[in-house]
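In each ligand, atom 1 is the first atom listed, and ligand 1 is the first ligand listed.
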Amino acid sequence: MADTTRTATLTIDGQSFDLPIYSPTAGPDVIDITKLYGKAGVFTHDPGFTSTSACESSITFIDGEKGELLHRGYPIDQLAEKSHYLEVCYLLLYGELPSAAELEKFEHTITHHTMIHEQMHNFFRGFRRDAHPMATMVGVVGAMSAFYHDSTDINDERQREIASHRLIAKMPTIAAMAYKYSIGQPFVYPRNDLDYASNFLRMCFAVPAQEYVVDPVLSRAMDRIFTLHADHEQNASTSTVRLASSSGANPFACIAAGIACLWGPAHGGANQACLEMLKEIGTPDRIPEFIARAKDKNDPFRLMGFGHRVYKNFDPRATVMKQSADEVLDLLGVENNPLLQIAKELERIAVQDPYFVEKKLFPNVDFYSGIILEAMGFPTSMFTPIFAVSRTVGWISQWKEQLADPAMKIGRPRQLYTGETLRDYVEIENR
Ligand code: CMC
């Protein structure tokens, strides 16, 4: 945090209060209001945190006007093209790109922690077969704190490190097991000779009766999906993880809270909702009908995969995802995929429509990801679990950063109370 020489002055009923201004390395200046209540006796009001910085962070930066996403300063399009998921994980966790030796060691550590405690298999079996894999993941990841007692002490740096590695390593195994359980197939154990993305594909699609060979192009596409979702600064699920962690909760409980938040259709659940919407549209001639519904104030329907709190120009992840969709469908020999055609036509019409232009609504990362995942063979219910696998490193990196921050306090928002004031209890016979 830099410059503290500038102040903002707030005047309330003729009385002035000076508030420090901080200048970040990038992005808008920030006014520090932490002492405002103590000095002026007022709260600030910002439901949805549209103008509020909740923490100091040096992990990820987004410039919503430019459509820029940087991880530790590196742009997402360069990382998606030249790097790979585990290298990006290292970058997010430790702040710098790894040397060859550091990367090898990190990959070895993650690869050798992908198996889960065998007793956890029983835990899966407690769920109904038709449970959504996200429901299973919230439960199983939360339950990790009941299995890995040696990495729940948040005050021990080594335990924090072990918990980070365990979560990144085991999350694909847990997601794949949730899927296998839902379709009644046996769990597939991870293999140490496969890379992170190939291992995940194999755990999802292999069956004991037949050899499964991972297509390197699909594995690359999977890796790119993981990379594009790895972190996104203080989004709803990350803020949930930080808030849960601020009370001193253990890492597995915090990440389970993040998964629960991610599930909602306004956040990570949008990828499933988007593909279901494209299927419901069915044919390009029905697009105007859905656009009209999205614009109708009396209809709760929204174009899923459109709009973003921060991006007001374009989502750089969507650009890479759209390109990937073309590549993957091409590889799979899926010519003229009807969903991709509808998606492209929907985008073409929407981005010219004054409603979407004025409100700065563009396709986001979830608009094209579902098409790729479906082409790979994933059911829609697995889209958000895949997002959760990818985002685990972001949650963990932000969690570690928060715990190392000397300014960390329990998160405790205040409120604008509009309820009844003090009144006497009324006996039941008098109501
Ligand atoms: N379709 C139609 N209208 C929309 C849409 C949409 N997808 N998104 C926003 N609007 C309108 C909204 O009705 C509002 O209009 P008005 O000003 O007249 O009331 C205006 O645009 C601003 O919307 P908002 O809800 O106040 O904006 P927000 O920043 O609170 O919400 C959002 C952002 C992503 C939740 C929202 O755009 C949305 O619901 N999009 C669809 C769901 C989606 O694709 N989510 C994935 C986000 S990216 C991945 C992730 O975060 O996990």
Can you list every pair where an N/O of ligand 1 is under 3.5 Å from an N/O on the protein?
residue	atom	partner	partner atom	Å
ligand 1	1 (N)	Leu303	N	3.1
ligand 1	3 (N)	Tyr355	OH	2.9
ligand 1	7 (N)	Leu303	O	2.7
ligand 1	7 (N)	Phe306	O	3.0
ligand 1	13 (O)	Arg302	NH2	3.3
ligand 1	18 (O)	Lys297	NZ	2.9
ligand 1	18 (O)	Lys359	NZ	2.7
ligand 1	25 (O)	Arg302	NH1	2.9
ligand 1	25 (O)	Arg302	NH2	3.0
ligand 1	29 (O)	Arg309	NE	2.8
ligand 1	30 (O)	Arg309	NH2	3.0
ligand 1	39 (O)	Arg302	NH1	2.9
ligand 1	40 (N)	Phe306	O	2.9
ligand 1	44 (O)	Gly305	N	2.8
ligand 1	44 (O)	Asn364	ND2	2.9
ligand 1	45 (N)	Ala266	O	3.0
ligand 1	51 (O)	His267	ND1	3.2
ligand 1	52 (O)	His267	O	3.3
ligand 1	52 (O)	His267	ND1	2.6
ligand 1	52 (O)	Gly268	N	3.4

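- Rounding to the nearest 0.5 Å gives a distance of 7.0 Å between CZ of Phe306 and CD1 of Ile291.
- Aromatic ring centroids of Phe226 and Phe200 lie under 6.0 Å apart.
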Could you tabulate the donor-acceptor pairs under 3.5 Å formed by side-chain atoms of residues 296-303, not counting sequence neighbours?
residue	atom	partner	partner atom	Å
Asp296	OD1	Asn298	N	2.8
Asp299	OD1	Phe301	N	2.9
Asp299	OD2	Arg293	NE	2.8

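- Partners of Thr418 by side-chain hydrogen bond (donor to acceptor under 3.5 Å, both in side chains), not counting sequence neighbours: none found.
- Lys39 approaches Asp18 most closely through the heavy-atom pair NZ-O, 3.2 Å.
- Under the rule for a ring-ring contact (aromatic ring centres under 6.0 Å, His included), Phe49 has no partner lying at least two apart in sequence or in another chain.
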